[in-house]
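Working notes, structure below.
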Number of protein chains: 2
Amino acid sequence: MGAKRGPFSCGLDAAVAVVGGKWKPLILWELHDGARRFGELRRSLRGISEKMLIQQLRELEADGIVHREVYREVPPRVEYSLTEAGSSLNKALLPLGDWGEEHMDHITAVRGA
Amino acid sequence: MGAKRGPFSCGLDAAVAVVGGKWKPLILWELHDGARRFGELRRSLRGISEKMLIQQLRELEADGIVHREVYREVPPRVEYSLTEAGSSLNKALLPLGDWGEEHMDHITAVRGA
DNA sequence: TGCGGTACTCACCAAAAGGTAAGCAATGGG
DNA sequence: CCCATTGCTTACCTTTTGGTGAGTACCGCA
C-alpha cells in the first residue's frame with residue numbers, strides 16, 4: 001500500500017491501494033468536515049508518530065486526495081484538506097464505516113484482542 | 001491487518017482490519033456470485049500463492065465473512081462462500097470499487113508503475 | 001539568552017505482510 | 001506400482017510497514 005504499484009486488477013484494488021494502511025482511512029475521516037492543521041491531526045490520531053503522519057499525508061497528496069496549503073507565518077502553519085477526489089473517496093468509504101460499526105462487536109469478540 | 005488487533009477507534013477501522021491486505025478484497029469479489037472451490041480461487045486470483053490464499057481464507061472464516069464446506073470426496077473438494085456478514089460487507093465495498101474504477105486512470109498515471 | 005511552539009527530516013530498528021519452494025495424505029487410473 | 005489431482009502445511013526468506021527518538025529552522029517572548 002505504499003506509494004507505488006502497477007496496473008490494478010479492478011477498481012476495488014485501486015481504491016485499496018490509495019486508502020490502505022493503518023492510518024489513511026482515519027486521516028480521511030478527520031478531514032471530512034474541513035481543513036485541519038498538522039498538529040491538530042497529530043493530536044486527534046492518538047498513537048500516530050509524526051513520521052507516519054507526514055508520510056501518509058504526502059502519499060495522499062501525491063495521489064490527489066488531500067490538498068496541502070502552507071501559510072508563511074510566524075509559527076509555521078500548514079493546513080490539509082480534501083480535494084474533490086478525496087471528498088468522493090470519503091463518501092465511498094461511508095458504507096464500509098457503517099458496516100464496521102454494525103459488526104464491530106462481533107469482530108472484537110471473535111479476535112483475541 | 002493480520003488476525004489480531006484490539007479495540008477499534010471507529011467502524012471504518014474495524015472494517016479495514018477485516019478486509020485489509022493485498023488479497024482479501026479480491027477474494028470477496030470472487031465470491032460475490034456464489035461458492036467457489038479452492039482451486040478455482042487460486043486460478044482466478046493470478047499471482048496469489050497457495051499459502052496466502054489459505055491464510056486469507058482462514059482469517060476471513062475466523063471473522064465470520066466466509067463459510068468453508070468440506071466434501072469428503074475422492075480428490076478432496078472444499079467450497080468457500082460468503083456468509084450473511086460477508087455478503088453485506090461485499091455490498092459495502094461496492095461504492096469503493098466504483099470510486100476506484102472512476103479514478104484508476106488518474107491513480108495509475110500519478111504513480112510510476 | 002535560552003525556552004517553547006510549529007512542522008517537519010533523518011537514521012535506525014522491529015514487526016508484519018507477503019513470496020518461494022518443498023512435502024504430504026488420499027485415492028483412482030494406467 | 002507409479003503418477004496425477006486436490007487441498008493443504010511447513011520452513012525459510014525478502015519486502016513492506018510501522019515505530020522511536022533525535023535533530024533542524026524559524027520566530028516571539030520573558
Side-chain angles (χ1 to χ4, degrees), chain A residues 1-6 9 13 16-27 30-31 35-63 66-81 111-113, chain B residues 1-6 9 13 16-27 30-31 35-63 66-81 111-113:
Chain A
M1 295 113 185
K4 51 191 154 187
R5 222 163 79 213
S9 53
D13 208 17
V16 167
V18 169
V19 87
K22 182 170 173 181
W23 298 108
K24 282 180 186 172
L26 304 175
I27 293 174
E30 281 299 320
L31 295 175
R36 293 290 175 90
R37 41 193 304 195
F38 181 82
E40 286 181 291
L41 290 173
R42 189 191 8 160
R43 283 185 293 274
S44 301
L45 303 160
R46 307 223 173 189
I48 197 172
S49 64
E50 297 192 335
K51 175 196 137 186
M52 284 310 294
L53 181 51
I54 295 177
Q55 199 174 98
Q56 306 300 299
L57 285 170
R58 289 282 148 86
E59 288 179 13
L60 290 170
E61 192 192 357
D63 285 337
V66 307
H67 171 72
R68 179 169 177 267
E69 187 79 38
V70 183
Y71 300 87
R72 308 197 154 275
E73 294 178 358
V74 179
R77 182 159 67 103
V78 180
E79 284 191 348
Y80 295 90
S81 54
R111 307 184 166 205
Chain B
M1 295 110 187
K4 51 191 154 185
R5 224 165 76 212
S9 54
D13 209 16
V16 167
V18 170
V19 86
K22 183 170 172 180
W23 299 108
K24 282 181 185 171
L26 303 176
I27 292 174
E30 282 299 318
L31 295 175
R36 294 289 174 91
R37 41 193 303 195
F38 181 82
E40 286 181 293
L41 289 172
R42 192 193 3 163
R43 283 186 292 275
S44 300
L45 302 161
R46 307 219 173 191
I48 198 172
S49 65
E50 298 191 334
K51 175 195 135 185
M52 284 309 294
L53 181 52
I54 295 177
Q55 201 175 94
Q56 306 301 298
L57 285 170
R58 289 282 148 86
E59 289 179 12
L60 290 170
E61 191 192 359
D63 285 337
V66 307
H67 171 72
R68 179 170 177 266
E69 187 79 37
V70 183
Y71 301 86
R72 308 197 154 276
E73 294 178 359
V74 180
R77 181 159 66 104
V78 180
E79 284 191 349
Y80 295 90
S81 54
R111 306 181 168 207

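Residue numbers begin at 1 in each chain, while the letters A, B, ... track the order of the sequences.
- Among the atoms of the strands shown, only primed sugar atoms or phosphate atoms (P, OP1, OP2) are found under 4.0 Å from some heavy atom of B:Arg77.
- Nucleotide D:dT5 holds its P atom 16 Å from the CZ atom of B:Phe38, rounded to whole Å.
- Summarising the geometry, the separation between CD1 on A:Ile54 and P on C:dA11 is reported as 15 Å, rounded to the nearest angstrom.
- Look at B:Arg58 and you'll find a side-chain N or O under 4.0 angstrom from OP1 or OP2 of D:dC8.
- Checked for salt-bridge contact, A:Glu40 and A:Arg42 miss the test: no charged N lies under 4.0 Å from a carboxylate O.
- Counting to the nearest Å, the C1' atom of C:dA7 and the CZ atom of A:Arg72 are 12 Å from each other.
- Residue A:Pro76 is the one, among A:Pro76 and A:Lys51, whose nearest nucleotide of DNA chain C lies closer to the 5' end (criterion: closest heavy atom).
- Which of D:dG18, D:dG7, D:dT20 sits closest to the side chain of B:Glu50 comes down to D:dG7.
- Spacing between atom CD of B:Glu40 and atom P of D:dT6 amounts to 11 Å, rounded to whole angstrom units.
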Open item on the list: Checking A:Arg36 against A:Glu30 for the side chain to side chain contact (heavy atoms under 4.5 Å, CB included) test, could you report, in this order, the C-alpha distance in whole Å, the side-chain angles of both residues, the deciding distance, and whether it holds?
Closed with: CA-CA 8 Å; A:Arg36 293 290 175 90; A:Glu30 281 299 320; 3.1 Å; yes
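- Listed candidates were C:dT6, D:dC8, C:dG18. Nearest to the side chain of A:Arg43 is C:dT6.
- Atom CD1 in A:Ile27 sits about 14 Å away from atom C1' in D:dT17, given to the nearest Å.
- Regarding A:Glu73, its CD atom lies at a distance of 13 Å from the C1' atom of C:dG5, rounded to whole Å.
- Contact of the A:Arg111 side chain with the B:Asp63 side chain is registered, since non-hydrogen atoms from C-beta on lie closer than 4.5 Å.
- Residue A:Leu53 contributes atom CG, which lies 14 Å from atom P of C:dT6 at whole-angstrom precision.
- For the OP1/OP2 pair of C:dA7 and a distance below 4.0 Å, the side-chain nitrogens and oxygens of A:Tyr80 include no atom meeting the criterion.
- Atom CD in A:Gln55 sits about 14 Å away from atom P in C:dA11, given to the nearest Å.
- Of the two residues contacting DNA chain D, namely B:Arg68 and A:Pro75, the nearest-nucleotide position lying further toward the 5' end is that of B:Arg68.
- Within the 3.5 Å criterion, the main-chain N or O of B:Leu53 finds no donor-acceptor partner in the side chain of B:Gln56.
- B:Tyr80 and B:Arg68 are linked by a side-chain donor-acceptor pair at a separation below 3.5 angstrom, with hydrogens and angles left out of the test.
- Within 4.0 Å (heavy atoms only), B:Arg37 reaches sugar-phosphate atoms of the nucleic acid but no base atom.
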